[in-house]
Amino acid sequence: MSETLRQRLLEEMQGLKTVDCHSHTMLRRDYEQLPERSLFTMWSYFDRELGAMTGKGAGELFAGIPDEERWARLRPLLGRARNVSYWRHHVVVYRELFGLEGGELSDANWAQVNDSIRERTAQPGWYDHVTEELCGLQTQVRNVPWFEDWEPEYFTCTLRMEEALEQTNRPNRERLEQHLNVEIGDLASLRAALADLIEGYRWEGSVGIKLAHAYRRTLHSEPVPEADAAALFARAVAGEELTWPERKAVEDHIIFFLAECCAEMNQVFQIHTGVQGNWGWVPDSDPLHLLPLLHAFKQVKFDLFHAGYPYSRELGMLAKHAPNVWLNMAWMYVVTMEGSRQALKEWIDLVPGDRLLGFGSDVGWPEFIYGHLIMARSCLADVLAEKVERDFLSEEGAVGLVHQMLRENAIALYGLRDQGVAG
Ligand SMILES: [Zn+2]
């Protein structure tokens, strides 16, 4: 592969104000109030690997013991699992931000990295330094939970909507009633309440909604007539326990209703596909299950996440034939760099470049955005340089894709203001 071309592409990316197309980054006010920022509290997805190995998350494993003991617990777990991308993401962060030398944490260097994390993250302006100066982010399209706010100087909101599907559950319904100061006694009033909620957030600047229902049920949904869903919902409101097929029918109806809201209010519909947590039922997350919804709402812009991994090839063909689908690489480079390269190699052959979203951090700590971005740029440079060399993509076309995938497509899709390039 041509190193000069790869290098040129990397420099092009470093000079761009990137739009982070999917974020869970903690708000600055929350970050600054954290009781501890250290090697043993700053986790990303490797926390899930710790859970898979020990049955305990990092919070439990490292609580209330001295740092030396914490390291003694972590070291053998790294011996078992340090190969996975979720850990290598950590290594990139320690190397780039906290002075780790060499490729791994060890007895000789962990304490120095830990000290460096504590010192640097306590410096005034560190949060802005990471998100703005190092990452060069224009904005992060942030997954905002129900009834919460966000910091518009860093984030653009999309409203997370799983709770909308869980309104047969009384406590959930009461939360919504209280927030909007309405009564939800039937399906019509539920639909009105959901529309009001979305409209309220849209009024504050929200650009879309997000569903991650694939974590607990199939992505497959089909149209359910309002009268059928209303009869089922009435039974739930009366206190009856619905069976799963009955609840699914209500949920499916709401999913289609949410798409209607997106059409009316010009909101992007983001949906989690692929990649699960521990014990997740992978086939439920196959994006092909979404076909009935995508075809029913051709005017809605669907932003499908995580490369649908491992169904990335299917997702590529889906997007090729469904012009209302955008492909979002959120989370992917830290799941697997090789899977990311493969997906991108095929998609760039298949799908018009203006519907590819090249980066979504999908992490809680701002430091991990930077690590993820470095991994993303590296994969993109690999893929594009190879496309120029072997697959008849022009160099100009490759540079154009960099701008589209890391910035321009997001600005167009989410209706953001164009704020120039990084200095
Ligand atoms: Zn996410």
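Just so you know, residue 1 is the first one in the sequence shown, and it goes up from there. Indexing begins at 1, ligand by ligand and atom by atom, following the structure's order.
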Can you list every pair that meets side chain to side chain donor-acceptor pair (under 3.5 Å) and has a residue in residues 41-61, with sequence neighbours left out?
Tyr45-Asp362
Report for the Zn ion (ligand 1), protein N, O or S closer than 2.8 Å, by chain and number, lists His22 NE2, His24 NE2, Asp362 OD1
With the threshold set at 4.0 Å, does a side-chain nitrogen-carboxylate oxygen contact exist between Lys387 and Asp349?
yes
Between Asp115 and Arg118, is the closest basic N to carboxylate O distance under 4.0 Å?
no
Does a sphere of radius 6.0 Å around CZ in Arg313 hold more than 12 heavy atoms from other residues, nucleotides or ligands, not counting ones at 6.0 Å or beyond?
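At most 12 heavy atoms, drawn from other residues, nucleotides or ligands, come within 6.0 Å of this atom.
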Candidate pair His372 and Phe368, rule ring pair (Phe, Tyr, Trp, His ring centres under 6.0 Å), full reasoning:
CA-CA 6 Å; His372 195 172; Phe368 282 98; 10.0 Å; no
Partner of Phe269 under ring pair (Phe, Tyr, Trp, His ring centres under 6.0 Å), chosen from Phe257, Phe302, Phe297, Phe256
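The single option meeting the ring pair (Phe, Tyr, Trp, His ring centres under 6.0 Å) with Phe269 is Phe302.
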